[in-house]
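In the text below, chain A, chain B and the rest are named by the order of the sequence lines, each starting its count at 1. The basis for the numbers below is simple: all heavy atoms, side chains too, and nothing from hydrogens, waters or symmetry mates.
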2 protein chains.
Amino acid sequence: MATIPDDEEMVFEQPCPIRDVLDRIGDQWSLLILETLAPGTLRFNALMREIGDISKQMLSRTLKQLEQDGFITRTLYPEVPPRVEYTLTPLGRSFLEPMQQLVAWADTHHRTIVAARARYQALQEQT
Amino acid sequence: MATIPDDEEMVFEQPCPIRDVLDRIGDQWSLLILETLAPGTLRFNALMREIGDISKQMLSRTLKQLEQDGFITRTLYPEVPPRVEYTLTPLGRSFLEPMQQLVAWADTHHRTIVAARARYQALQEQT
DNA sequence: TTCAATGGTCACGTTGTCGTGACCATGTCA
DNA sequence: TGACATGGTCACGACAACGTGACCATTGAA
């Protein structure tokens with residue numbers, strides 16, 4: 001405990017839990033990674049292969065964030081070459097439940113949205 | 001089996017409905033606007049007052065996107081000064097149902113996430 | 001000796017998101 | 001005449017997200 005932090009800055013907390021959550025899983029890869037891990041534990045390169053078009057950089061960054069927020073655990077086995085396993089925590093697993101509802105909604109209504117966009121665009125071009 | 005669709009081309013269209021949906025409502029304001037409209041129709045400036053810290057620019061942009069995707073309707077009354085009303089469509093209303101589940105999850109587990117972040121940060125600083 | 005495999009990190013540049021402030025048209029009120 | 005209210009648009013800049021490619025340490029195999 002070397003220094004005392006400036007607690008005055010802490011006054012500004014998180015005004016909205018859902019915003020905090022959306023900021024994390026609203027990005028490009030988080031949800032995809034969580035769903036890829038749903039069937040079971042995977043190693044780093046296995047995740048890369050499963051997802052296919054993600055770069056090392058983004059996978060590494062996103063996994064770190066998910067671990068930080070407690071959605072997954074990272075286990076390093078100090079073998080050679082190293083083995084690292086990523087697993088959903090109970091928190092991550094519980095998150096996927098409401099999320100699946102949203103995924104189902106998206107599957108059901110996606111056509112409607114695409115149609116709405118087409119109709120809107122057609123109207124704009126009528127100028 | 002009259003026509004076989006071009007499955008190869010379909011791959012590049014919408015790879016994932018949920019991604020398409022998250023790209024829209026994962027932004028800063030969309031969800032907040034939808035929830036603000038949930039109790040009923042509001043005018044542009046009324047929305048600004050309700051939300052409080054949104055700029056004209058962002059409100060205008062986000063409303064346009066939501067209208068484009070069919071979540072809300074925009075009705076212009078050519079009076080003076082002009083009156084514009086924004087209302088949730090059935091699609092927008094149906095979207096809020098699974099979304100409320102996610103909001104509830106966020107409310108319930110937000111503390112856990114914040115705690116996980118604090119624990120992670122504490123471990124990092126132990127270096 | 002050099003290569004491959006694992007699981008990353010770092011520097012860099014590009015793109016996208018977001019906010020600020022200026023500006024616009026119109027008719028009414030003072 | 002000028003200000004005000006409504007519902008915007010536009011140009012600009014700051015900042016974050018994202019992707020690319022280079023690099024790193026280790027050890028066993030060729």
**Request:** Spell out protein contact along nucleotides 12-30 of chain C as letters: B when the base is contacted, S when just the sugar-phosphate is, - when no protein heavy atom is under 4.0 Å; keep the 5' to 3' order.
**Result:** ------BBB------S---
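Contacts between residues 41-52 of chain A and DNA chain C, counted as heavy-atom distances below 4.0 Å, involve Arg43(A), Phe44(A), Asn45(A).
Rounded to an integer number of Å, the gap from CG of Leu76(A) to C1' of dA25(D) is 13 Å. Atom P of nucleotide dT9(C) and atom CG of Leu59(A) are separated by 10 Å, given to the nearest angstrom. One atom, CD of Glu85(B), and another, C1' of dT6(D), lie 13 Å apart when rounded to the nearest Å. Between Arg24(A) atom CZ and dC18(D) atom P the separation is 12 Å, expressed in whole Å. Ile72(B) places its CD1 atom 14 Å from the P atom of dG7(D), with the value rounded to the nearest Å. Between Leu63(A) atom CG and dC18(D) atom C1' the separation is 16 Å, expressed in whole Å.
Across all strands, Tyr86(B) comes closer than 4.0 Å only to sugar-phosphate atoms, never to a base (heavy-atom distances).
Put simply, the side chain of Thr36(A) gets close to the backbone of Leu32(A): a donor and an acceptor are under 3.5 Å apart. With hydrogens and angles disregarded, no donor-acceptor distance shorter than 3.5 Å links the side chain of Thr41(B) to the backbone of Thr87(B).
Grouping the Ile, Leu, Val, Met, Phe, Trp and Tyr side chains by contacts below 4.5 angstrom, directly or via other members, places Leu42(A) with Leu76(A). No continuous path of ILVMFWY side-chain contacts below 4.5 Å connects Leu102(B) to Val114(B), so the two sit in separate hydrophobic clusters. Follow the hydrophobic side-chain contacts under 4.5 Å out from Tyr120(A) and you never reach Leu91(B); the two are in separate clusters.
Leu47(B) is listed as a side-chain neighbour of Leu63(B), based on a closest heavy-atom distance under 4.5 Å. Ile18(A) is not listed as a side-chain neighbour of Trp105(B), based on a closest heavy-atom distance of 4.5 Å or more. Inter-residue side-chain proximity for Thr62(A) and Asp27(A) is flagged as met; some heavy-atom pair is nearer than 4.5 Å.
Dashed line: the shortest gap from a side-chain N or O of Ser60(A) to OP1 or OP2 of dG7(C) is not under 4.0 Å. Note on Arg83(A): every side-chain N or O is 4.0 Å or more away from OP1 and OP2 of dA5(C).
Classification of the Phe95(A)-Phe71(A) ring pair by plane angle, with boundaries at 30° and 60°, yields perpendicular.
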